[in-house]
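The sequence lines fix the lettering, A, B, ..., with proteins before strands; numbering per chain opens at 1.
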Amino acid sequence: MSLHLHDTLTRSLRRFTPLRPGRVGIYGCGPTVYGRAHIGNFRAFVVYDLLHRYLEWLGYEVRFVVNLTDVDDRIVELAAETGQSIREFAAPHVRSFLADADTLGMRPFDSHPRATEYVPEMTAFVSRLVERGLAYATSDGSVYFRISGFPEYGRLSRIDPDALRPGERVADDKYEKDDIRDFALWKAARPEDEYADAAWESPWGRGRPGWHLECSVMALSEIGDTVDIHLGGEDLVFPHHEDEIAQSEGATGETFARHWVHVKHLLVEGRKMSKSLGNTYTVPQLTERSEPAAIRHLLLSAQYRSELNFTFGGLEASRRAVQRLLDFRDRLARTPTRPAAPPAGIEGLAGEALARFREAMDDDLNTAGALAALFVFVKEANTALDGAAGAISEGDRESAEAALASMDEVLGVLELALAGREVDEPERERIEVLVAKRDLARSRRDFAQADAIRDQLAGEGIVLEDSPDGTRWKHARSRAGSTAAR
RNA sequence: GGCGCCGUGGCCAAGUGGUAAGGCAGAGGACUGCAAAUCCUCGAUCGUCGGUUCGAUUCCGACCGGCGCCUCCA
C-alpha cells in the first residue's frame with residue numbers, strides 16, 4: 001500500500017500523490033491567537049505534526065505551513081477592551097501556542113504566516129475577485145464574495161446553497177449583501193478596529209480582512225495556487241473551507257487543494273469541551289497532572305477521524321504505556337552483544353513490526369494500528385530477550401534499536417519521554433549514592449532500611465529494579481509530570 | 001429540519017464475510033528478601049431486532065442510545 005488519506009471532498013480514501021513528485025506543500029489552519037489553545041485544539045495540531053513527520057519519514061520534501069490568525073472579531077474586541085493593538089494583544093498567545101506545541105513534541109513547521117503580514121496580498125486578491133465579478137463592494141466599504149458566481153459552492157460540505165437561504169428577505173439591511181449567503185472578504189473598519197490598530201487602507205476604504213480570505217491568501221502566497229493537502233478541524237469544513245475553495249478557485253481558476261483532511265473533535269471525559277463545563281484543559285494544566293509524552297500518546301491512541309475521549313484515566317494509562325516503551329528501550333540498551341551470540345530472531349521481528357507500522361500509517365494515519373505494531377514488537381522482542389542467554393547479536397540489537405527509533409520518529413512519544421527524564425550529574429550522583437547505600441543494607445539483609453530508601457526515592461518518582469546484575473533506577477515519570485498519580 | 005459520525009471485554013481502541021490487534025486495569029503462575037521489570041496463562045458470541053449469505057461483528061434495513069457540523073469553535 002502507499003499512503004492513502006481520507007479526502008473530505010470525495011468522502012473517500014484516496015491515494016496521496018503530490019502535484020510535484022517527491023515534494024509536498026501543505027497548509028493547515030492554525031490557531032486564532034486570542035487565548036491559550038486547549039487540548040482539543042492540540043489534537044488537531046498533533047495530527048498535523050504526525051502527518052508532517054510521516055511524510056518526511058516516507059522521504060518527501062515537505063513544506064508545511066500553519067498560519068496564525070491574528071486578525072479576527074474576537075481579537076479586535078479583546079484587544080480594544082484592554083487598550084492594546086491586536087499585535088500586542090496577540091503576542092503572548094503566539095508565544096504560548098509555540099511553547100505548548102514544543103511541549104507536545106511538535107516539530108517546528110516551516111512557516112507560521114500571520115494574517116497581519118499579508119494584508120497587501122489580501123487586498124490585491126480581493127481586487128482580483130472584484131475584477132472577475134465574483135466580489136462586490138457595498139456602500140459602507142465592505143466587500144463580499146458572490147456565491148451565485150461560483151456554481152461549485154457547497155461541494156466540500158455537501159450543503160445545498162439554495163437551502164442556505166434563510167427566510168425571504170434577500171436584502172438584509174444590516175449587511176446590504178446582494179445575497180444573504182454571500183460572505184465577507186473585506187470588512188469596513190469600525191471604530192474599535194482603529195483603536196486596536198486593526199485597519200488598513202484598501203481600494204474600498206479602511207478595513208480589515210475577513211477570516212476566510214486570510215487563509216486563502218496565505219496558502220496561495222506561501223505554497224502556490226494548489227496545495228497538496230489542506231488540513232483543519234472538522235468544524236472548519238463549513239463555512240471556512242467551503243469559502244476558501246470558492247475564493248481561491250474563483251481567483252486562480254486552479255484546484256485549490258488536492259486533498260482535504262479534517263480532524264475530528266475531541267471529547268473530554270465523555271463530553272464536548274466547553275467553557276461552561278470547565279473542561280477546556282490547556283497544556284500546562286495537563287502537564288501538572290501527567291507528562292507530555294503521555295498526553296501525546298493519548299492524542300495518538302485513536303485514529304484522527306474517530307472520536308477520541310480524553311480522560312484523566314486514559315492519561316494515566318497512556319503514561320504507563322509510554323513507560324513500557326521506555327523500559328524496553330533501556331533493556332535493549334543494556335543487553336550485551338556478542339558476535340557469536342545465536343540470533344534471537346529479533347531482527348526479523350523488527351522488520352515485521354516496521355512493515356505493519358507502515359501499513360497502518362499508510363491506511364489514513366491509523367495510529368491505533370501503528371501503536372499496536374509497536375507494542376507487539378515490544379512484547380515479542382521481550383520474549384526473545386528472555387530466551388536469549390545473557391547476550392544477543394549485534395544485528396539483533398541494532399535492528400531493534402533502529403526499528404524503535406524509526407517508529408518513534410513518526411510518533412514522537414519516546415523522544416518526549418526521554419527529554420523529560422534527563423538528569424544532571426549532581427542529581428545522578430545523589431541517587432546513586434542512595435542506591436549504593438540501599439545495596440549495602442540489602443547485603444546485610446537489613447530490609448527495613450533498604451525499603452525505606454526505596455520508598456524515599458519512589459516518593460520522588462524514582463523506581464528501583466533489583467536484578468542479578470545489580471540495582472537499576474529510573475524515572476517513572478518526567479519532571480513535567482511531577483505530581484502524576486502513583 | 002439538512003448533512004454526517006459512532007456504539008467492539010472494566011476503561012481506551014484497531015480490525016476482518018469464515019468465529020476478534022494493541023494499551024491500561026484485574027486474576028493466577030514463573031522470577032524476587034519483598035518489590036519493580038519481564039514472560040506465561042485466563043476473560044468479549046463485537047447496541048437491539050430483522051434481512052442477504054453456506055456463513056456477518058464485518059453488507060442491507062429498522063429501531064434504541066451517544067455525538068458532531070449547519071452560529072468566524074481545532
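Listed nucleotides: A74(B), A14(B), A13(B). Nearest to the side chain of Ser306(A): A14(B). For Glu234(A), taking side-chain heavy atoms from C-beta onward, the closest of the listed nucleotides G68(B), A14(B), G33(B) is G68(B). Side-chain atoms of Glu307(A) lie closest to G66(B) of the nucleotides G66(B), C3(B), C34(B). Comparing G33(B), A14(B), C3(B) against the side chain of Arg158(A) picks out C3(B) as the nearest. Side-chain proximity of Lys379(A) to A35(B), C40(B), A13(B): nearest is C40(B). Each of G22(B), A74(B), C34(B) was ranked by its minimum atom distance to the side chain of Ala372(A); first place goes to G22(B). Closest contact between the side chain of Ser301(A) and the listed nucleotides C12(B), A36(B), A21(B) involves C12(B).
Judged by Watson-Crick or G-U wobble contacts below 3.5 Å, the nucleotide C63(B) has G47(B) as its partner. When both distances must be under 3.5 Å, the Watson-Crick or G-U wobble mate of C69(B) is G2(B). C31(B): no Watson-Crick or G-U partner with both key distances under 3.5 Å is found in any strand. U57(B) is unpaired under the Watson-Crick or G-U wobble criterion, no partner having all donor-acceptor distances under 3.5 Å. Base-pair partner of A21(B): not found among the strands shown (Watson-Crick or G-U wobble, both distances under 3.5 Å).
For the P atoms, the distance linking A62(B) with G4(B) amounts to 14 Å, nearest Å. Rounded to whole Å, the C1' atom of A56(B) lies 12 Å from the corresponding atom of U45(B). The gap from the C1' atom of G47(B) to that of C5(B) amounts to 16 Å, rounded to the nearest Å. A distance of about 43 Å separates the C1' atoms of G66(B) and A35(B), rounded to the whole Å.
The CD atom of Gln323(A) sits 14 Å away from the C1' atom of U38(B) (whole-angstrom rounding). A straight line from CD of Glu316(A) to P of G23(B) spans 16 Å, rounded to a whole angstrom.
Counting atom types as modelled, Arg356(A) pairs no side-chain N or O with a base atom of G15(B) as donor and acceptor under 3.5 Å. Between the side chain of Arg454(A) and the base of A35(B), a donor-acceptor pair under 3.5 Å is found.
Ring pair His93(A)/Tyr34(A): centre-to-centre distance not below 6.0 Å.
Between Phe375(A) and G23(B), no base-stacking contact is recorded for ring centres under 5.5 Å apart and planes less than 30° from parallel.
Look at Asn382(A) and you'll find a side-chain N or O under 4.0 angstrom from OP1 or OP2 of C39(B).
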